[in-house]
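What follows is a single structure, written as structure tokens, with notes after it.
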Amino acid sequence: MTTEAPARTWPRDIYDVFKQVGIEQIAYVPDAGHAQLIRDCEADNAMNVVSLTTEEEGVAMLAGGWLGGKRGALLMQSSGVGNCINMLSVVMESRFPLLMIVTMRGEWGEFNPWQLPMGQSTGKVLEDIGVYVQRAERPDEVRDVVHAAAQMTFSSNRPIAVLLGQRLIGFKDWSK
Amino acid sequence: MMERRQGTMDRREVVASMIKGRGDALIVTGLGSTCYDFGTEDHPNTFYLWGGMGAAAMLGLGLALAQPARRVVVVTGDGEMLMGFGAFATIGAKAPKNLSLVVIDNEHYSETGMQPTHTRRGIDLEGVAKACNFPSAETVYTEAELAKSVSEIFGGTELLFRDIKVNTKRYPMSLRLRDGAHIKNRFRENLLGSKAFD
Ligand SMILES: Cc1ncc(C[n+]2csc(CCOP(=O)(O)OP(=O)(O)O)c2C)c(N)n1
Ligand SMILES: [Mg+2]
């Protein structure tokens, strides 16, 4: 098992897609897998980056941003999806676009068992409330998956979550 | 413990004075009573939440950041605000100058049978807002204080919080319009013109 992940380029690919599709609001609760993307967005003066106390705040915030004519993206780890479910009813009923970028935990070589209940149900609960779910598993497909999801959400006014597989983030060796 | 003051103002009279002073402000209501209060005079610049309890303040933040040249005014209930409590910190940390956050505080969940909320138990939202760096935060009990606050809410140039204490009188629903997509599209078209459907 390789435990050392090579330098990641896919977080920068996501940032590039954000710029390309005109995303100007970022809302996030940090995840280690999003650290580089958060840094890139924070360093960009054209982006309004908001650190949240809980992920559901971002669902409401980006609805407000869209009401005011701005595109946004919501960054979180899979456990944060569980914090969003009722708030997604605002998005469903009013047909707001919503681009969620979710780094997965609890699905591949996870060392922390407390991540499993939410990680194993992330896609199911999103689909249950009506969010379209797409996945990226390999570094070289992240750019296209995020780009396609962004185009679809903002042209359909329907929420889409991109789940970034835990395998992308890497394997943490817990053998000793 | 100090004897706590009771709210005596009537919520519909409070909201009527806000509607009179609204100018071109963009208004977001919370679910329940504040939605019905603003529904007494429907306006395309009002986004009515009929659900998403806890959403109002954060929805207002996103709108305020998107429209920095416009005054954005969130008017919600004490129960709704308590469910989105973290928004005090998130908004205070971001400190948008064009946002006013107003709670119509009857100290109860009136919609669900008039159970007391934490504001009834002495939890002080003005103090919370101050602790969360809101440069202006006040509790409003009287008509005179209300008149001053309404002009600050709509004419202010900084982030502002007002906790407006009202009595527990209930009013019927005023608004038939509850289709969320329609409320959203109407608001966007009025604000953004043809760009709304780009
Ligand atoms: C997540 C969630 N929990 C509970 C409810 C039920 N509910 C609807 S309105 C309301 C009370 C709102 O209280 P407040 O914001 O103080 O408004 P008031 O009616 O007192 O003006 C509650 C608890 C809900 N709609 N959503
Ligand atoms: Mg109340």
Side-chain angles (χ1 to χ4, degrees), chain A residues 21-30 41-42 45-74 80 83-99 129-130 151 153-159, chain B residues 26-28 30-31 45-70 72 74 83-96 98-99 132 178-193 195-198:
Chain A
V21 303
I23 281 172
E24 293 175 272
Q25 292 193 350
I26 301 291
Y28 73 91
V29 173
C41 293
E42 295 270 15
N45 288 330
M47 282 192 178
N48 242 315
V49 183
V50 176
S51 168
L52 310 166
T53 69
T54 168
E55 291 81 357
E56 69 190 281
E57 289 182 354
V59 176
M61 186 195 119
L62 296 182
W66 179 254
L67 263 189
K70 298 291 188 196
R71 294 179 170 196
L74 175 55
N83 291 351
C84 292
I85 296 302
N86 182 57
M87 201 57 87
L88 288 166
S89 55
V90 173
V91 168
M92 296 305 298
E93 166 57 20
S94 295
R95 285 209 29 226
F96 282 103
L98 177 65
L99 180 61
I129 196 154
Q151 168 149 311
T153 190
F154 296 119
S155 57
S156 68
N157 294 331
R158 287 177 173 86
Chain B
L26 305 172
I27 293 181
V28 176
L31 85 176
N45 277 347
T46 305
F47 185 79
Y48 303 96
L49 280 160
W50 280 79
M53 188 166 172
M58 284 302 299
L59 205 136
L61 175 64
L63 181 56
L65 295 175
Q67 290 286 327
R70 296 289 288 270
V72 173
V74 174
M83 189 168 284
F85 207 55
F88 275 115
T90 301
I91 291 170
K94 196 69 185 168
N98 61 325
L99 179 63
C132 290
R178 58 199 181 281
D179 182 286
H182 181 78
I183 297 166
K184 174 208 67 175
N185 288 334
R186 184 182 74 159
F187 185 103
R188 276 173 52 87
E189 191 168 18
N190 188 58
L191 177 65
L192 306 166
K195 279 198 168 61
F197 304 110
D198 253 2

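These numbers come from the heavy atoms of this one structure, side chains and all, not from hydrogens, waters or symmetry mates. Throughout, protein chains are lettered first and strands after them, A, B, ... in sequence-line order, and every chain is numbered starting at 1.
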Does the side chain of A/Leu67 come within less than 4.5 Å of B/Arg188's, by heavy atoms? yes
Heavy atoms from other residues, nucleotides or ligands near CD of A/Gln151 exceed 12 (cutoff 6.0 Å):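 At most 12 heavy atoms, drawn from other residues, nucleotides or ligands, come within 6.0 Å of this atom.
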For A/Ser94, side-chain hydrogen bond (donor to acceptor under 3.5 Å, both in side chains) partners two or more places apart: none
Interatomic spacing from [atom1] in [X] to [atom2] in [Y] - rounded to 0.5 Å:
X       : Y        : atom1 : atom2 : value
A/Thr54 : B/Phe85  : OG1   : CZ    : 14.5 Å
A/Met61 : B/Leu65  : CE    : CG    : 6.0 Å
A/Arg71 : B/Asp198 : CZ    : CG    : 8.5 Å
A/Glu56 : B/Met53  : CD    : CE    : 11.0 Å

Part of [X] within contact of chain B (heavy atom distance under 4.5 Å):
X       : answer
A/Leu62 : neither
A/Ser51 : backbone
A/Val49 : backbone

Any idea which heavy atoms bring [X] and [Y] closest together, and the distance?
X        : Y       : value
B/Ala55  : A/Met87 : CB-SD, 3.4 Å
B/Ala181 : A/Arg95 : CB-CB, 4.4 Å
B/Gly52  : A/Ser89 : N-OG, 4.4 Å
A/Gly65  : B/Ala66 : O-CB, 3.6 Å
B/Met58  : A/Ala60 : CB-CB, 3.9 Å
B/Leu191 : A/Gly68 : CD2-CA, 3.9 Å

Donor-acceptor contact present, side-chain A/Glu57 to main-chain B/Ala87, <3.5 Å: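 Checking the backbone N and O of B/Ala87 against the side chain of A/Glu57, a donor-acceptor pair under 3.5 Å is found.
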Counting only non-hydrogen atoms closer than 4.5 Å, does [X] touch chain A with its backbone (N, CA, C, O), its side chain (CB onward), both, or neither?
X        : result
B/Arg178 : backbone
B/Lys94  : side chain
B/Leu26  : neither
B/Leu192 : side chain

Partner chain A: residue of B/Ala64, B/Ala89, B/Gly62 with the largest heavy-atom pair count (under 4.5 Å):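 Of B/Ala64, B/Ala89, B/Gly62, B/Gly62 has the most heavy-atom pairs under 4.5 Å with chain A.
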Pick from B/Arg70, B/His182, B/Gln67, B/Lys195 with the largest number of heavy-atom pairs that fall under 4.5 Å of chain A: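 Result: the option with the highest number of such pairs is B/Gln67.
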